[in-house]
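First up is the structure itself, then whatever we jot down about it.
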2 protein chains.
Amino acid sequence: MNIGEASGRSGLPAKTIRYYEDIGLIRPDRGDNGYRDYGADDVHKLRFLHRSRSLGFSVEECRQLLALYEDKSRASADVKDMATTKLTEIDRKIRELTELRRTLEQLVHACHGNERPDCPILEELSEG
Amino acid sequence: MNIGEASGRSGLPAKTIRYYEDIGLIRPDRGDNGYRDYGADDVHKLRFLHRSRSLGFSVEECRQLLALYEDKSRASADVKDMATTKLTEIDRKIRELTELRRTLEQLVHACHGNERPDCPILEELSEG
DNA sequence: TCTTGACCTTCCAGTGACAGGAAGGTTCAT
DNA sequence: ATGAACCTTCCTGTCACTGGAAGGTCAAGA
């Protein structure tokens, strides 16, 4: 199938699929007309990439996951390690954002938000 | 003062301070030797930028905040609007990350993580 | 047969917010 | 006089794409 259909089936934009080929994540066949030609396996990989990217793995991590996926002899512990590490990172991000949220909410709460110029938000930004 | 001291006092790397000058956020004086020369006002602005960046505002938003900060006639409502919008964005990010976390945790939990190759994480990535 | 429109191709540039490093000038202490 | 620690500009790289230009291909309709 052409890239358009592979895009439709995988959920990835055609531009992204070409980019993934550029960086060596997938290697589709080519037809006589020079068009890329994707098989069911390729679409499978693209869906794998789409899913793991949307779960917060970087492209390089996706490359590793894909390699693990294709390595029939790998231990499931290898994969679990990556997922656990990623889980820790996500936890940290959530904590940071929650702290950020708390601070910002305090500022918003403190500001009366009217036509007058005095603003506790700017004062805090300026001094904090 | 030189950029090194401004960096120390504001908490921003010298590279970042030069970058902020490149994009027109600050305009320090120059000494006879060509060195940038920062005053107390500049450091104040740099700290403002540091603080608002760390609160999740983009550089362009920081530019607006700085303009509001320097506009003595602005209404505090203008600032409150920006902060409230940012708060909403942060809430959305937290929700998304929490959902991500939940999914990933389920996967990690489902995987026994041993020496054998069967791995529910990869299976889910592949089919999900 | 011609044309139109939807595909597809490659290549180049831009994004955001810096970071790294090269090559060279300045200042200060020893 | 020398060396370290500053400073300068300029260029490149990061990450993961996205947009666009210029042009080739294909299938359907007039």
Side-chain angles (χ1 to χ4, degrees), chain A residues 1-39 42-43 45-66 86 89-90 93 96-97 100, chain B residues 1-39 42-43 45-66 86 89-90 93 96-97 100:
Chain A
M1 76 194 75
N2 286 346
I3 200 169
E5 194 176 342
S7 166
R9 293 203 191 180
S10 66
L12 289 170
K15 276 274 186 188
T16 301
I17 296 177
R18 289 195 197 95
Y19 171 69
Y20 285 171
E21 182 178 351
D22 272 359
I23 62 174
L25 283 181
I26 44 164
R27 305 181 184 285
D29 290 342
R30 294 282 179 145
D32 293 343
N33 52 12
Y35 285 17
R36 291 168 177 85
D37 183 16
Y38 297 87
D42 294 316
V43 171
K45 276 196 201 178
L46 290 173
R47 290 174 63 83
F48 184 103
L49 289 168
H50 190 189
R51 177 83 172 136
S52 30
R53 284 289 295 129
S54 75
L55 279 174
F57 291 96
S58 73
V59 166
E60 281 318 300
E61 286 165 339
C62 289
R63 193 194 299 275
Q64 294 173 44
L65 284 171
L66 209 51
K86 187 52 63 178
E89 285 172 27
I90 291 173
K93 276 188 201 165
E96 286 172 5
L97 279 176
L100 209 65
Chain B
M1 77 193 74
N2 286 346
I3 199 170
E5 193 176 341
S7 167
R9 294 203 192 181
S10 66
L12 289 170
K15 277 273 187 190
T16 301
I17 296 177
R18 289 195 197 96
Y19 172 69
Y20 285 172
E21 182 178 349
D22 272 359
I23 63 174
L25 283 181
I26 44 164
R27 305 179 186 285
D29 289 344
R30 294 284 179 143
D32 292 343
N33 53 11
Y35 286 16
R36 292 169 178 84
D37 182 18
Y38 297 87
D42 294 316
V43 172
K45 276 196 201 177
L46 289 173
R47 290 174 64 82
F48 183 103
L49 288 168
H50 190 190
R51 177 82 172 136
S52 30
R53 284 289 296 129
S54 75
L55 279 173
F57 291 96
S58 72
V59 165
E60 281 318 301
E61 286 164 339
C62 289
R63 194 194 298 275
Q64 295 173 43
L65 284 172
L66 210 50
K86 188 52 61 177
E89 284 172 29
I90 291 173
K93 276 187 200 163
E96 286 172 6
L97 279 176
L100 209 66

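Hydrogens, waters and symmetry mates play no part in the numbers below; they use all other heavy atoms, side chains included. In what follows, chains are A, B, ... by sequence order, proteins preceding strands, each numbered from 1. Keep in mind it's a predicted model, so treat the numbers as computed, not measured.
- Checking side-chain atoms of A:Arg53 against main-chain N and O of A:Phe57 turns up a donor-acceptor pair under 3.5 Å.
- In this entry the distance linking CD1 of A:Ile17 with C1' of C:dC7 reads 14 Å, nearest Å.
- We find that CG of B:Asp22 is positioned 13 Å from C1' of D:dC11, with the value rounded to whole Å.
- Here the C1' atom of nucleotide C:dG25 and the CZ atom of B:Arg30 are 14 Å apart, to the nearest Å.
- Following rounding to the nearest Å, A:Asn2 (CG) and C:dA6 (C1') show an atom-to-atom distance of 12 Å.
- When all heavy atoms of A:Ser7 and A:Leu12 are compared, the pair lying nearest together is OG-O, 2.7 Å.
- Among all heavy-atom pairs drawn from A:Leu97 and B:Ile90, the shortest one is O-CG2, 3.7 Å.
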Please list each protein N or O that sits under 3.5 Å from an N or O in nucleotides 18-20 of chain D, with the distance.
residue: D:dT18; atom: OP2; partner: A:Thr16; partner atom: OG1; Å: 3.0
residue: D:dG19; atom: N7; partner: A:Lys15; partner atom: NZ; Å: 2.9
residue: D:dG19; atom: O6; partner: A:Lys15; partner atom: NZ; Å: 2.9
residue: D:dG20; atom: O6; partner: A:Lys15; partner atom: NZ; Å: 2.3

Determine all donor-acceptor pairs shorter than 3.5 Å in which one atom belongs to a side chain in residues 26-33 of chain B; sequence neighbours excluded.
residue: B:Arg30; atom: NH1; partner: B:Gly34; partner atom: O; Å: 3.0
residue: B:Arg30; atom: NH2; partner: B:Glu21; partner atom: OE2; Å: 3.2
residue: B:Asn33; atom: OD1; partner: B:Tyr35; partner atom: N; Å: 3.0

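- Using a 4.0 Å heavy-atom criterion, one finds that B:Ile3 contacts the sugar-phosphate atoms exclusively.
- In this structure, A:Arg63 contributes its side chain and A:Ile23 its backbone to a donor-acceptor pair below 3.5 Å.
- Taking every heavy atom of both residues into account, A:Val59 and A:Leu25 meet most closely at CG1-CD1, 3.9 Å.
- Which of D:dT9, D:dC17, C:dT10 sits closest to the side chain of A:Arg36 comes down to C:dT10.
- When the side-chain contact (heavy atoms from CB on, under 4.5 Å) test is applied to A:Leu66, the partners found at least two apart in sequence or on another chain are A:Lys45, A:Phe48, A:Leu49.
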Please list each protein N or O that sits under 3.5 Å from an N or O in nucleotides 28-30 of chain C, with the distance.
none

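- Ion pairing between A:Glu5 and A:Arg9 holds under the 4.0 Å rule for side-chain N and carboxylate O.
- Using a 4.0 Å cut-off, no side-chain N or O of A:Arg63 falls inside it from OP1 or OP2 of D:dC15.
- Classification of B:Lys86 and B:Glu89 as a salt-bridged pair holds, one side-chain N sitting under 4.0 Å from a carboxylate O.
- The CG atom of A:Asp37 sits 15 Å away from the C1' atom of C:dC7 (whole-angstrom rounding).
- Computed from coordinates, the A:Leu46 CG to D:dA16 P distance equals 17 Å when rounded to whole Å.
- Using modelled atom types, no side-chain atom of A:Ser10 and backbone atom of A:Leu46 make a donor-acceptor pair closer than 3.5 Å.
- For the pair A:Leu12 CG and D:dA16 C1', the interatomic distance rounds to 12 Å; values are reported in whole Å.
- Shown for residues 52-61 of chain A: no residue has heavy atoms falling under 4.0 angstrom of DNA chain C.
- Spacing between atom CD1 of B:Ile23 and atom P of C:dA19 amounts to 12 Å, rounded to whole angstrom units.
- Salt bridge A:Glu96/A:Lys93: absent, no basic N to carboxylate O contact under 4.0 Å.
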Polar atoms only, N or O, under 3.5 Å: list the protein pairs with nucleotides 24-26 of chain D and their distances.
residue: D:dG24; atom: N2; partner: A:Tyr35; partner atom: OH; Å: 2.7
residue: D:dT25; atom: O4'; partner: A:Tyr35; partner atom: OH; Å: 3.2
residue: D:dC26; atom: OP1; partner: A:Asn33; partner atom: ND2; Å: 3.2

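- Within 4.0 Å (heavy atoms only), B:Arg18 reaches at least one base atom of the nucleic acid.
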